[in-house]
Amino acid sequence: MHIYTADLLDAALRAGQRSFSDCDFSNLDLAGCELAGVRLNKCALNGSNLSRATLSESVWSGCKAEGVKLVGADCADAQFLQCNLANSVWRGARLPSAKFVDSKLTGANFDEAGLLGVGFENCLLISAMLRGVSFRKGRLNGLNFSDADLGGADFRDAVLDNCSLRGASLRLAKFANADLRGCDLSGFGIGDAQILRGAVISSGQATELLAAFEIHVA
């Protein structure tokens, strides 16, 4: 793996290089860096600071970027494919139409991020901070929101397939017309009925909710 310093990366970018493979950018201070359209393949960015960086239309594939900071970064139309982004910080970042596929986002902080049109597929979002995010009318597949903070999130008219909301914080979340039949609702009780008001659940899920309140369906 080719180890880069900030100066080496700057020189490569000035020379017109826009594609990097098997490169190590770990722990670099790249705040404000211009990286629009850059392609990163199997690169390491663990602990790097990309706050306020321009990453629009960039493609990250198979990258390891645990703890990477992207505070206020422009990530419009960026793609993150099969990446480890655990404990990454996206606070205030712009992510319109960005895509996360087959990626680990455990503990990621998306507080105050612009997530209009963002897409998640087959991602671990365990303990992630996703307050106020809108998934309205979306089709969510393979998302694990266990223990995530989804306060005020909008799931209206969404379809959740092979997803988990186990232990998630859902205060003020909206679920009207959401299809939760393919969702793990373990840990929900009858007291959570108000949160799920208007959602579609299966008979089996309804039985589990009632059982949590020691009500048994004969």
Side-chain angles (χ1 to χ4, degrees), residues 20-21 25 30 35-155 158-166 168 173 178 182-184:
F20 299 86
S21 186
F25 305 107
L30 302 173
L35 294 166
V38 162
R39 302 183 70 88
L40 304 173
N41 180 50
K42 296 182 179 178
C43 293
L45 298 101
N46 298 309
S48 291
N49 181 16
L50 287 160
S51 297
R52 304 180 307 284
T54 302
L55 294 158
S56 53
E57 300 183 349
S58 61
V59 179
W60 303 39
S61 180
C63 294
K64 296 180 179 178
E66 293 187 64
V68 65
K69 295 179 177 62
L70 297 116
V71 178
D74 180 0
C75 302
D77 297 297
Q79 298 182 50
F80 302 88
L81 315 173
Q82 298 178 323
C83 293
N84 184 349
L85 296 156
N87 300 312
S88 49
V89 182
W90 307 79
R91 194 168 56 250
R94 294 183 61 254
L95 289 150
S97 301
K99 293 182 180 179
F100 296 87
V101 180
D102 297 322
S103 293
K104 182 178 182 181
L105 288 154
T106 300
N109 185 344
F110 288 94
D111 202 26
E112 298 182 356
L115 296 169
L116 183 64
V118 70
F120 295 99
E121 183 176 353
N122 294 322
C123 290
L124 289 178
L125 289 153
I126 299 169
S127 300
M129 179 76 71
L130 289 159
R131 285 194 296 251
V133 66
S134 178
F135 294 109
R136 189 172 186 182
K137 297 184 178 180
R139 188 170 191 96
L140 311 183
N141 182 51
L143 303 186
N144 190 338
F145 292 114
S146 296
D147 299 314
D149 187 344
L150 291 160
D154 189 351
F155 289 94
V159 178
L160 281 70
D161 187 26
N162 193 29
C163 294
S164 176
L165 288 168
R166 184 185 182 98
C183 191
D184 180 1

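Just so we're clear, the structure is a prediction, and the values are computed from it rather than from any experiment.
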Test Leu160 against Phe135 for side-chain contact (heavy atoms from CB on, under 4.5 Å), laying out the working first.
-> CA-CA 10 Å; Leu160 281 70; Phe135 294 109; over 6 Å; no

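- In this structure Asp184 satisfies the salt bridge (charged side-chain N to carboxylate O under 4.0 Å, His left out) test with no other residue, sequence neighbours excluded.
- Within the structure, side chain to side chain donor-acceptor pair (under 3.5 Å) contacts touching residues 103-121 (residues at least two apart or in different chains) are Asp111-Arg131.
- Taken to the nearest 0.5 Å, the CG atom of Leu165 stands 11.0 Å off from the CG atom of Asp147.
- How far CZ of Arg39 is from OG of Ser21: 11.0 Å, rounded to the nearest 0.5 Å.
- For the pair Asp102 and Leu81, the minimum side-chain heavy-atom distance is 4.5 Å or more.
- Under the rule for a salt bridge (charged side-chain N to carboxylate O under 4.0 Å, His left out), Arg139 has no partner lying at least two apart in sequence or in another chain.
- Once rounded to the nearest 0.5 Å, the distance linking CG of Leu105 with CE of Met129 reads 14.0 Å.
- What you find for Ser164 and Asn144 is that their closest heavy atoms are CB-OD1, 3.7 Å.
- Across every non-hydrogen atom of Ala98 and Cys75, the tightest pair is CB-O, 3.7 Å.
- Side-chain contact between Phe100 and Val118 is present, with heavy atoms from C-beta onward closer than 4.5 Å.
- Listed by chain and residue number, Phe80 satisfy the ring-ring contact (aromatic ring centres under 6.0 Å, His included) test with Trp60 (two or more places apart in sequence, or in another chain).
- Evaluation of the salt bridge (charged side-chain N to carboxylate O under 4.0 Å, His left out) rule for Asp161 yields no partner, not counting sequence neighbours.
- Looking at Leu116 and Ser134, their side chains never come closer than 4.5 Å, going by heavy atoms from C-beta outward.
- Every salt bridge (charged side-chain N to carboxylate O under 4.0 Å, His left out) that Asp154 has, sequence neighbours left out, goes to Arg156.
- Closest of all the heavy-atom pairs between Leu115 and Phe110 is CD2-CD2, 3.9 Å.
- Atom CG of Leu50 is separated from atom CG of Asp74 by 12.5 Å, given to the nearest 0.5 angstrom.
- Taking the side chain as every heavy atom from C-beta outward, Leu150 and Val133 approach each other to under 4.5 Å.
- Taking all atoms of both residues into account, the shortest heavy-atom contact from Phe25 to Cys43 is CE1-SG, 4.0 Å.
- Annotation: side chain of Ser58 is not in contact with side chain of Leu35 (no heavy-atom distance under 4.5 Å).
- Across every non-hydrogen atom of Ala65 and Leu85, the tightest pair is CB-CD2, 3.7 Å.
- Residues Cys123 and Leu143 are in side-chain contact: their nearest non-hydrogen atoms beyond the backbone lie under 4.5 Å apart.
- A distance of 8.5 Å separates SG in Cys163 from CZ in Phe155, rounded to the nearest 0.5 Å.
- Closest approach of Cys63 to Leu40, counting heavy atoms only: SG-O, 3.4 Å.
- Rounded to the nearest 0.5 angstrom, Arg166 CZ and Ile126 CD1 are separated by 11.0 Å.
- At distances below 3.5 Å, not a single donor-acceptor pair connects side-chain atoms of Asn122 with backbone N or O atoms of Val101.
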